[in-house]
Amino acid sequence: MARFGRMRELVRHLAHCEIDLVLDAGGQDGAFGRALRRRGYRGRIVSFEPFGGERAPVRKAAARDLDWHVLPYALGHRESGWMRRLDEVWEEVVAPGERVLLQVEAGPELDQVLEGAGEFGADLALVRTGGVAGGGPVGRFPAVSA
């Protein structure tokens, strides 16, 4: 299990692991995606953020980036008006063969998001918790922590 103190080290690890796609569960203000871009990550980013309209900060952050998309719902363990299971949207957001990092901002939501991944949980190359400043590692998959 790898730990990273800096975003630059995380981006190097993503390149080493050939990560093509970052799924950012809880995109909030877009800080994680912006930090990835500032440090050189050029792969696709899909952020999930149910709250806020077109002016939500994560939507503003992604607006000029053709490889960063924001979906207007959260990831979780059940389907509701504002929540989707990852296994229900997987084929819409992940292209065949893409290697995926799942980023979950807050540790308490991690189990719910992983439960919602269903059969696709095994297809996650890396899982990371925490914000730009860092967080805790996850043991169920090869995991990274800032």
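Within 6.0 Å of atom CZ in Arg42, more than 12 heavy atoms from other residues, nucleotides or ligands are found, so the atom counts as buried in its surroundings.
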Quiz: residues 86-95 side-chain donor-acceptor pairs under 3.5 angstrom, not counting sequence neighbours:
unit_1 : atom_1 : unit_2 : atom_2 : d
Asp87  : OD1    : Arg85  : NE     : 3.0
Asp87  : OD2    : Arg85  : NH2    : 2.8

Pairs of donor and acceptor atoms involving the side chains of residues 14-32, under 3.5 Å and at least two apart or interchain, shall be tabulated with distances.
unit_1 : atom_1 : unit_2 : atom_2 : d
Asp20  : OD2    : Arg99  : N      : 2.8
Asp24  : OD2    : Ser47  : OG     : 3.4
Asp29  : OD1    : Ala31  : N      : 3.0

* Give the intermediate values and the outcome of side-chain contact (heavy atoms from CB on, under 4.5 Å) for residues His13 and Leu126. => CA-CA 10 Å; His13 189 67; Leu126 299 171; 4.0 Å; yes
* Residue pair Tyr73, Met83: steps toward the side-chain contact (heavy atoms from CB on, under 4.5 Å) verdict -> CA-CA 5 Å; Tyr73 44 82; Met83 184 181 297; 5.9 Å; no
* Could you walk me through whether Leu114 and Val104 pass the side-chain contact (heavy atoms from CB on, under 4.5 Å) test, one step at a time? => CA-CA 10 Å; Leu114 290 176; Val104 179; over 6 Å; no
* Pair Arg39-Glu9, salt bridge (charged side-chain N to carboxylate O under 4.0 Å, His left out): steps then yes or no -> CA-CA 9 Å; Arg39 297 298 183 233; Glu9 294 167 7; over 6 Å; no
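The CD atom of Gln112 lies 5.0 Å from the NE2 atom of His77; values are rounded to the nearest 0.5 Å. For the atom pair CD (Gln103) and CG (Leu101), the distance works out to 6.5 Å, reported to the nearest 0.5 Å. Atom CZ of Phe48 and atom CG of Leu71 lie 5.0 Å apart (nearest 0.5 Å). Between the CZ atom of Arg38 and the CE atom of Met7 there is a distance of 8.0 Å, given to the nearest 0.5 Å. Here the straight-line distance linking atom CD1 of Ile45 with atom CG of Asp67 works out to 8.5 Å at 0.5 Å rounding.
Between Leu110 and Val127, the closest side-chain pair of non-hydrogen atoms falls below 4.5 Å.
Arg64 contributes no side-chain N or O that, together with a main-chain N or O of Lys60, makes up a donor-acceptor pair within less than 3.5 Å.
Checked against side-chain hydrogen bond (donor to acceptor under 3.5 Å, both in side chains), Arg37 has the following partners two or more places apart in sequence or in another chain: Asp65.
The shortest heavy-atom contact between Arg34 and Trp68 is N-CH2, 3.6 Å.
A salt bridge does not link Arg59 with Glu49: none of the charged nitrogens is closer than 4.0 Å to a carboxylate oxygen.
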